[in-house]
Each structure stands twice: as structure tokens, then as C-alpha cells.
There are 4 protein chains.
Amino acid sequence: MTDASPARPNLSNPRVRRTRDRVLAVARELLADVGPAALTYSLLSERGQVTRQTLYRHWPTREALLVDVILESGDGSTYPEPGNDPQTVITAYLHSLRHGLDGPATAGALMALAAQADRDPEAANTLATISEDRHQALNRLLEPSGLQMTADDFAQLVGPVMFRRFISRQPVTDAAIDTAVSQWLTSRRAGAD
Amino acid sequence: MTDASPARPNLSNPRVRRTRDRVLAVARELLADVGPAALTYSLLSERGQVTRQTLYRHWPTREALLVDVILESGDGSTYPEPGNDPQTVITAYLHSLRHGLDGPATAGALMALAAQADRDPEAANTLATISEDRHQALNRLLEPSGLQMTADDFAQLVGPVMFRRFISRQPVTDAAIDTAVSQWLTSRRAGAD
Amino acid sequence: MTDASPARPNLSNPRVRRTRDRVLAVARELLADVGPAALTYSLLSERGQVTRQTLYRHWPTREALLVDVILESGDGSTYPEPGNDPQTVITAYLHSLRHGLDGPATAGALMALAAQADRDPEAANTLATISEDRHQALNRLLEPSGLQMTADDFAQLVGPVMFRRFISRQPVTDAAIDTAVSQWLTSRRAGAD
Amino acid sequence: MTDASPARPNLSNPRVRRTRDRVLAVARELLADVGPAALTYSLLSERGQVTRQTLYRHWPTREALLVDVILESGDGSTYPEPGNDPQTVITAYLHSLRHGLDGPATAGALMALAAQADRDPEAANTLATISEDRHQALNRLLEPSGLQMTADDFAQLVGPVMFRRFISRQPVTDAAIDTAVSQWLTSRRAGAD
DNA sequence: TTATAAACGAGACGGTACGTCTTGTCTTATG
DNA sequence: CATAAGACAAGACGTACCGTCTCGTTTATAA
């Protein structure tokens, strides 16, 4: 049994770590500057003081790079605080989501993945995983309130925000977020009756 | 002052029309076969019995081609019938939307646009226009019922479907559609109180 | 039946001719300057005001390029005059051969071919063809004298010169040439007895 | 004064010896299998159970490796017996030479050296040395006969064989060898008159 | 017998070249 | 004389080797 994929650099090696972090930082910059389509390995290599070959060693596929960019979205934008009042928590969550999608780096990487997900199962998987992550993150914030969301609920809340941001291209206003939250809460209360 | 854009072929010329339609048909096939990223002018020219030059004349930019593909989505998938019962109409509409996004041609082109919309105002505009089109289409279907939707409403309904289809990558089940519709109706009725 | 090899540029096209001649000239220069091993398509492209892609179109393989360099050895070094006296003609021929192998361009290309001929039948063929060419050229020079050489004779004459030039790396002196010629003539006369 | 070249492994160390011999054996195999151009350090390292680094330690340059391969041509092909009759001895010698050049390992290495000798004085030297070696070896075989060859004589005999083998690419037949030998003997006798 | 020096394995890295692909422009011959 | 065929420049792709550089580990020799 030969090794199918040639083994990516060992992250416990500090040199490797250094290289990787530096490149990811530059990648984020470039993603914001030139967009995902123009984020070529050629460009990244010359801006990142690194050889193209090194990029391939770390991220055999451009998609792998995008994943790392999204997952370790280096802006340190933190999630809001957990809390007892669902409406407050959810609203704060959607605000933070909106903020996370404002910077063109993460948003660009996300759409790049989405664009190829229909043909690239790995990209599709990654998207699913990311969604699930964010879903669980919200549930953790909601824990003190005793409320938990299903995937359906999550789609119901986040979908409208995403739709405005990426498809209909209308600004995601505070009002729009409020609408989404209150609609969901209303219908939920009604359903509970 | 030189002419910035060299004038695209005159659509009233039947020969032009023929060429254009033939190419668009092939483009749709290829879009389904190989995906938007692999839909190159080179490939399209050889499959479409046309010179690359001709493609450039018709669609100076790849994005222009994608727009035409989306707008004239040739599958003949028709909208549902208008009707008096909002719930029925809306549900039928979402079903047809889901169906339209099942074929990988339109969906692929759509995401390709979305991926570059952050950097390409024209793509962004196109997306906005398309969204608005579909929004108005729904409103036309709803006319008999006397009900009309705001952009907010539309996002609230369509967003969750899109989110599942393109981001969280869960199947868009009938149940999910029902949930979206009933939530929206419920909250609406509650708001009307 | 698909076209296996993508068809090389049409030499009757003047643009093609121009490009080709320019590149071959530069190739000869570089061959002399840096040797056959360092004559990369990359280097050739940048010195020749030409894209790498263009080089590949003209000479799909580096060997094809070397062949053209050898066959159209542009130095215009002419063969000597035909004549009645075999000894004079043959000696003159070997002098011109030596001169042709002095310039590092042709000699380098020749050895490059020889080095890969054991594994590359095309290279082997090319070498055989070139040898045969030179053999016939000599016979043409000898026609007035009524004498003709077999392949054996040719090897007997040219071999020692090649050996000194490429293997034993001794200078090919006038004396060495005289020895080769007179040995061959002597033994020939002896054999005729 | 820093040490220009980092000192190659000490051959008196048995571990070194082991490594070296093992690698050379593999190198010979590979040379026959894939030819000199494809005998990369990468390939050699993985086939030879050895790191690339180790190869560089032993043979700082690929050429140094080829020299070792040629000089210690491990096939154990022995020279023929010395004897009194020059014709017999010389013929036997040329047969053994032909045999030595039949196996693609030595022949390939030899031409690889020849191809770079014009630009690499070390390669040129090595070739000269090797030639001289073989020349002296023949003279040793001829000692019982009282006959000795000059470098000129040697070139006159060996050149035609080499030429057929490497340049004109005709088979080196027994007849060709006989011709070479008898021509040389004839002219020699004639010259002695 | 244990240091100590050398050889070695493992593998990251900056380079350079490869052969291929698509793009947009430009040239040429032809119908 | 307008247009197809296709040559070309530009530049990214993914891969292969190269030569160099750590850093641990093993082996051999010498104290």
C-alpha cells in the first residue's frame, strides 16, 4: 500500500508553523485585496516570501487553503456572550455573523467554496462542516436560556441574512436582522401553543 | 474618442441569432457536464462549432455569458399557476425554485456570479436584478390572493432554501419548505393581530 | 482517428518562418555559450523574444530542436571542392569535418543526441541519417576521381577523428588526419593487389 | 581559510563502504534500466535505501558518480589473454570492447560524460584518463608480441568501432572489426617497408 | 566502556525547469 | 475585403529535481 497523498508538513515543527502562519496571514490580506479568483499560488508565493512548491506542500489544493483561511479567520472576531434571553443572544449572534461576512476575505473564500461545491464533494463537505460548526456555536451561546436550535431553525434564521448578503445583494440592515429574529420567535411561540 | 466596447453582434440578424442560440445551448450542456469553472471559451468554441473570436464578439466577458445562461434558462421549467390561496402558491413557488436549482447548470452559473460579485459590480447588479425578477414573479402569482411580498418577506422565504442548497448543503426537503412557508405565514398572521 | 500530434506551425506562413529562423539563430548562439544541457526552453524563450509555448509548438521535443540546429548548421561552412585526387579530396573533407566540430554548437548538439540515442530511437535515427548524409556528401566530392566509399570505409576514416575529438580528447592534428587518410589509402591499395 | 569542499566520507569506515557499494550497484542497475538522463539523485535515493543528502555527501556531483560507475564497471567483464600474435590479440580486444559497450550502463555513462566534456574540464579529463587506461591495457596484452601502440594507432583502431556504436549507429559486426584490424596491420606492414 | 566524531535518515525550503492550459490579441491567407 | 484559421505573448497550473539547511539518531573508533 503506497501512500496516496505525500504527507503534509508536520505542524509540530516550529519552522513549519512559522511558514504556515505567515502564508495564511498574507493569504487573508490578498483575499481581501484581489478576491478569491485572483488569489493564485503564483501571487501568494511571491507576496508570501515563499516558493510555490512550499504552498503545494502545505495545501495540496487551493480549496484546502481556503478552508484554513475560513476556519482560522484570523481577525479574532469573537462570538458574543451567552445569555438567558434568546432574542438578545440570537440578535447578537446574527450581528457577529454579519460582521464576519463584511470583511471580504472570509466571505470571498466562502463563496469560492460554494461555487465549486456542486462538483467537488470535498468542498461540499467543508461547507457542511462549517455550517454545523456555526450552528453548534449558536447553541452553546443559547445554553443558559435552555433553548436549542435544530438545523431547520438555524437555516430559518441564517438563510435570510446569507441571501441578502450574497444573492439579492441588499444591505443586511439591523431591521432585517430584527425581522428574522422576531419572525422566528413568533412562529416558535405560536407553534408551542 | 474611440469606442470603448466594440459593439456586440446585432441580435436582429437571424444568422447572429442562430449562432447565439446554438452556443447558449451548448454552454448549458457544458455547464451541467463540467461545471462553471471548466466552461472555458476554448472548450465552448470547439464544442459549439464556433471560433473563439466569435465567442468574444458575442460575450466580451465570461460573466456576460453566464448572465445569458441564467436569464434564458432554457429548461422551459415554468412557473406554477397563480391562485387564491397564498400557502399553496408560495409552496408551489418554492418547489419550482428548488427544481430550478437542481439542474447544475443554473445553480453553477449563479454561484459563479456570487463568487465574484464582491469584486465585480456588474455581477452584483446582475444578481440583484435576478433576485428582483424572481421576487416580482412571485408577487404576480400572488396577485389573485391580494397578498404582496416585500423584499424582506422574500428573503425570509427564499433565504432558508438557498442556505440549505448552497451553504449548509442539506437536502431541501418538502418538509423544510413547508416549515419555511408556515413560519412565514404564522408570524405574518401574528404580526397582523 | 484523432490527431495524435497537434500539427506543427505551417512553414509556408511568413510569420512562422520569421519566428522559427530567429529562434534557431538564438539557439545556435546559446548552444555555443552555455552548452546543450543548459539550453533550456526557458532560457531560449527569454533570449529569443518568444514564449515557451511557441517553442513547444515549433519543436515539441528538445531533440527536434537539436536536429534542426545540426541540419541547418547556419555557419555556412562549405564543403571543399570536388577533385580528381582522392587523397587531396579526403584530406580536405576531414579538415572541414574537424572545423565543423570545432564550434561548440554543432558538436554539443551532436553529443547531446548521442547521449540519449540508446534510449530514444528517434535520436538514434537522426544520428544515422546525419552520418549517412555526410557519407554521401563525401562520395559526391569523390565522384570526379571515380572512387566511392562504403560505410565501412567511411567509419574507418571518420571514426578516428571523432574518437580523438569526443572520447580521448586529444587534439585532432593535421598529422592525425594525414595518418588516417594515408592508412586508409595504403590498405586500400594493398587490398587491390 | 574555509574548507572549499566539505570532505567526502572516509572510505576506510566500513559503514561508508557498505553504503557506497550498495548505491553504486543500484546506480548501475538504474543506468541500464532508465538511462543516464533519468538517473536522478531522487530516484537513486529511493531505490538505494538512502537519503539524497547521503548521495551528495558521497558524490558532490552527478558526474563524480558516473565516473565511479565507469571505473568500477562491476560486470567483471575481463580482458582477453595476452598473446604472441598481434592480430589475434587486437581482435580479441576489440571484441571485449564491443561487449563492454553493449550493456547500456557503461555506454550511457560514457556518452553522458562526453556530452558535457566540452564545458566541464573534469569530465574531459576523466574521458582522457579512461581512454589512456584502455590504451595501456591493450599494450599490456600486446607485450608478449613485442608490439606496442601509439595513441595514434589506438585511435585508428578504436575510433571506427566507437563511431559505428555511437554516431552512425550501425551494428559493430565481426566483419567490421576484422576490417579495422587488418587495415591497421596492412598499413603498418606497408609503412615498415 | 564510554565518549566523541562521523555518517546517516528525515524532511522543510528556495529555486529552476518542465509540459500543459486558457486568455486576449494579432497576422495571414482565402473565398 | 471580411473573416476563419491559427500563431503568438502572457501567465498560471501542478510536478519534478536540484542543492542546501536543519535536527535527531545510529554507527564506529579511540580514549
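Owing to the predicted nature of the structure, the values given are computational and were not obtained by experimental measurement.
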With respect to the phosphate group of [N], does any side-chain polar atom (N or O) of [X] fall under 4.0 Å of OP1 or OP2?
X        : N       : result
Thr51(B) : dT3(F)  : no
Thr19(D) : dA7(E)  : no
Tyr41(D) : dC17(F) : no
His58(D) : dA7(E)  : no

Any donor-acceptor pair under 3.5 Å linking the side chain of Arg28(A) with the backbone of Ile70(A)?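 Here the side-chain-to-backbone pair does not exist.
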Nearest listed nucleotide, side chain of Thr54(C), among dA9(F), dC18(E), dG9(E):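 The closest nucleotide is dA9(F).
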Measure from [atom1] on [X] to [atom2] on [N] and round the result to the nearest Å.
X        : N       : atom1 : atom2 : value
Arg8(A)  : dC13(E) : CZ    : P     : 13 Å
Arg52(B) : dC8(F)  : CZ    : C1'   : 11 Å
Asn13(D) : dT26(F) : CG    : P     : 17 Å
Glu63(A) : dC13(F) : CD    : P     : 15 Å

With no angle test and no hydrogens, is the base of [N] tied to the side chain of [X] by a donor-acceptor pair under 3.5 Å?
X        : N       : value
Arg15(D) : dT26(F) : yes
Gln53(B) : dA5(F)  : no
Arg57(C) : dA7(F)  : no

Before you tell me yes or no, could you show the steps for Leu65(C) and Leu55(C) under side chain to side chain contact (heavy atoms under 4.5 Å, CB included), namely the whole-Å CA-CA distance, both residues' side-chain angles and the distance that decides it to 0.1 Å? CA-CA 9 Å; Leu65(C) 173 64; Leu55(C) 296 181; over 6 Å; no
Look at all strands and tell whether [X] reaches a base, only sugar-phosphate, or nothing, counting heavy atoms closer than 4.0 Å.
X        : result
Gln49(A) : sugar-phosphate
Ser42(B) : base
Pro60(A) : nothing
Glu46(A) : nothing
Arg18(C) : sugar-phosphate

Report the residue (Tyr56(D) or Ser12(D)) whose heavy-atom-nearest nucleotide on DNA chain F is the more 5′ of the two. Tyr56(D)
